[in-house]
Amino acid sequence: MSSAQTFSGKDPNQHKRVSVQSNPGFLERLSETAGGTVVGVGLFFLSFYVLFTNEGRALQTASSLDEGLSQVVSLGPFSSLDLQNDNRLVHLSAQLRTSQPLHDPNYRVVVQAVKLKRQVEMYQWVEYRESKDYQEDGETKTETTYTYNTEWKSELINSRNFDKEIGHQNPSAMAVESVTVVAPEVRVGPFTLSKGLVEQVNDFETLSLRDLTAVNLDPFLSIDDDYFYHTQNPRRPEVGDVRVRFSFAGLSGETSRLGPPQTVSVVAMQRGEQLMPFKTRAGDTLEILYLEELSAEVFMKEHQYNSMKTWGLRAAGWALMFLSIQLTMRIIYTLVDWVPILRELVSVGLKIFALCVSCSLSLLTIAVGWLFYRPLVAAALGALALLPVFLARSRLPEKKNE
């Protein structure tokens, strides 16, 4: 059973709400803990899946990269199209080229690049809440403080979900939408990039509007700090006002006031004039693009990324297992939480237990993954580990003869 009271102070943009709830009984707490146990069991099995399959993924990626490095054909930046390389993995570093500039006619923005992004923000009310619980008269009370501020936000905030909408209403839609325009054809050297390679061109930079300050697009449109403002007073915005910022990725064509064209390094399969994904015997696809000039370092960087991803997933799997064991064993804490001293001891003990078990099981799962995915390496390591034992046993007869 619960109830709530609202208290308003002098500030119209802040108020407090206190909700009162009777403390749950032992059976109710036990029921809630049982639900957490079910979730914990699910996370426990999920952690095994993450840890085990991660080893196979890491080996497959490493094998694919080694296979690609052994087959790749390096092309010069000014190489012409050679049909003898069809269906082969090629590598080249060259500047990006696009057939036509990207533009936004509403704001008269023109950029010769692979991508042009229009990001729209609206000045809106934002609700913040801060809660604290305390015990009083055998009941649990929750005091929540609601604060309302006006901020520029790129997403539309629905004020109907506010605790106090009166005086803090936001528009139901934005007058201008955010959008990203992509060049229909992107070329590097004599080749056209695939969609997957174009998606990897994402080094967005804010478009400077210094040269556009004299442009008069609309009487209610002004420019300030690289933003187009749909208001005459950008320094004193009102709720509902909109501002627009442009950014670009992958400069192409000739050198302009924005800088020289972007040089990229690409590893992909040549098929005619197209650069396509390359399917390896290990089962991966190689379709790599770096926004810098690289030689065979491309594969070294990919190996480093694969290693970082492997250790990241190992840490994530361990964290899942640690959390799952804590949730599963939470029922023991619930059984003794009415004894303060015993409750604290059990809480510390369960954390230590979860830490030890999760570390041991995580290492064991990774070891099993190595045995399954890398049996030869595991067998070699096992033989190396048993070598001192064999050497020691081989000397026993000699000592007996002496």
Side-chain angles (χ1 to χ4, degrees), residues 1-37 39-40 43 119-175 178 224-225 227 229-231 233-245 319-320 322-323 326-327 330-331 333-334 336-341 343-344 346-348 350-351:
M1 185 176 180
S2 62
S3 59
Q5 293 179 320
T6 303
F7 302 94
S8 298
K10 295 181 179 180
D11 189 351
N13 296 325
Q14 186 180 83
H15 70 277
K16 295 182 179 181
R17 182 182 297 276
V18 178
S19 58
V20 182
Q21 187 173 11
S22 301
N23 291 332
F26 176 75
L27 293 178
E28 188 177 349
R29 297 199 308 274
L30 201 62
S31 176
E32 293 176 355
T33 306
T37 301
V39 175
L43 293 178
Q119 184 176 358
V120 181
E121 296 179 342
M122 186 166 66
Y123 203 60
Q124 303 175 75
W125 284 106
V126 182
E127 180 185 75
Y128 293 96
R129 60 182 66 184
E130 184 178 354
S131 300
K132 61 179 180 179
D133 297 333
Y134 59 94
Q135 298 290 328
E136 186 175 280
D137 300 329
E139 296 176 322
T140 300
K141 294 187 176 181
T142 303
E143 182 181 274
T144 305
T145 302
Y146 295 89
T147 306
Y148 300 91
N149 295 326
T150 47
E151 301 176 13
W152 290 103
K153 290 291 181 180
S154 57
E155 69 279 359
L156 190 64
I157 299 177
N158 189 357
S159 57
R160 294 183 179 179
N161 298 328
F162 289 172
D163 187 72
K164 185 179 179 182
E165 184 184 8
I166 299 175
H168 311 106
Q169 293 178 324
N170 289 327
S172 57
M174 290 191 182
S178 297
D224 184 68
D225 194 23
Y227 280 95
Y229 285 86
H230 285 255
T231 176
N233 300 307
R235 303 287 180 171
R236 291 179 293 172
E238 299 179 356
V239 173
D241 287 345
V242 172
R243 69 179 184 181
V244 180
R245 179 176 62 180
L320 275 176
F322 177 75
L323 177 61
Q326 278 200 310
L327 288 173
R330 186 72 179 177
I331 192 170
Y333 177 83
T334 304
V336 300
D337 66 352
W338 55 279
V339 183
I341 298 179
R343 178 179 60 199
E344 297 300 324
V346 169
S347 177
V348 175
L350 290 177
K351 285 183 174 62

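Predicted model only: the values in this text are computed from it and were never measured.
When all heavy atoms of Gly240 and Pro171 are compared, the closest pair comes out as CA-CG, 3.7 Å.
Other residues, nucleotides and ligands contribute over 12 non-hydrogen atoms within 6.0 Å of the CD atom of Glu155.
Between Glu238 and Thr231 the shortest side-chain heavy-atom distance does not fall below 4.5 Å. Looking only at side-chain heavy atoms (C-beta outward), Tyr229 and Asp241 stay at 4.5 Å or farther from each other. Residues Leu156 and Asn170 are not in side-chain contact: their nearest non-hydrogen atoms beyond the backbone lie 4.5 Å or more apart. No side-chain heavy atom of Lys164 sits under 4.5 Å from any side-chain heavy atom of Tyr146.
The structure places CG of Asp225 at 7.0 Å from CZ of Arg235, a figure rounded to the nearest 0.5 Å. Atom CD of residue Glu151 and atom CH2 of residue Trp125 lie 10.5 Å apart, to the nearest 0.5 angstrom. Atom-to-atom distance recorded for Arg129:CZ and Asp163:CG is 7.0 Å, nearest 0.5 angstrom. Here the NZ-OG1 distance, from Lys16 to Thr144, works out to 10.5 Å after rounding to the nearest 0.5 Å.
Between the side chain of Ser178 and the backbone N or O of Val120 there is at least one donor-acceptor pair closer than 3.5 Å. Judged by distance alone, the side chain of Gln119 and the main-chain N or O of Ser154 form no donor-acceptor pair under 3.5 Å.
Considering only residues two or more places apart in sequence or on other chains, Gln169 meets the side-chain contact (heavy atoms from CB on, under 4.5 Å) condition with Ser159, Glu165.
Side-chain contact check for Gln14 and Thr147: at least one donor-acceptor pair (N or O, by modelled atom type) lies under 3.5 Å.
In this structure, the ring of Tyr148 has its center less than 6.0 angstrom from the ring center of His168.
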Side chain to side chain contact (heavy atoms under 4.5 Å, CB included) between Val244 and His230: does it pass, once the steps are laid out? CA-CA 8 Å; Val244 180; His230 285 255; 4.3 Å; yes
Start with the C-alpha distance between Met122 and Ile157, add both sets of side-chain angles, then the distance that settles side chain to side chain contact (heavy atoms under 4.5 Å, CB included), and finish with yes or no. CA-CA 10 Å; Met122 186 166 66; Ile157 299 177; over 6 Å; no
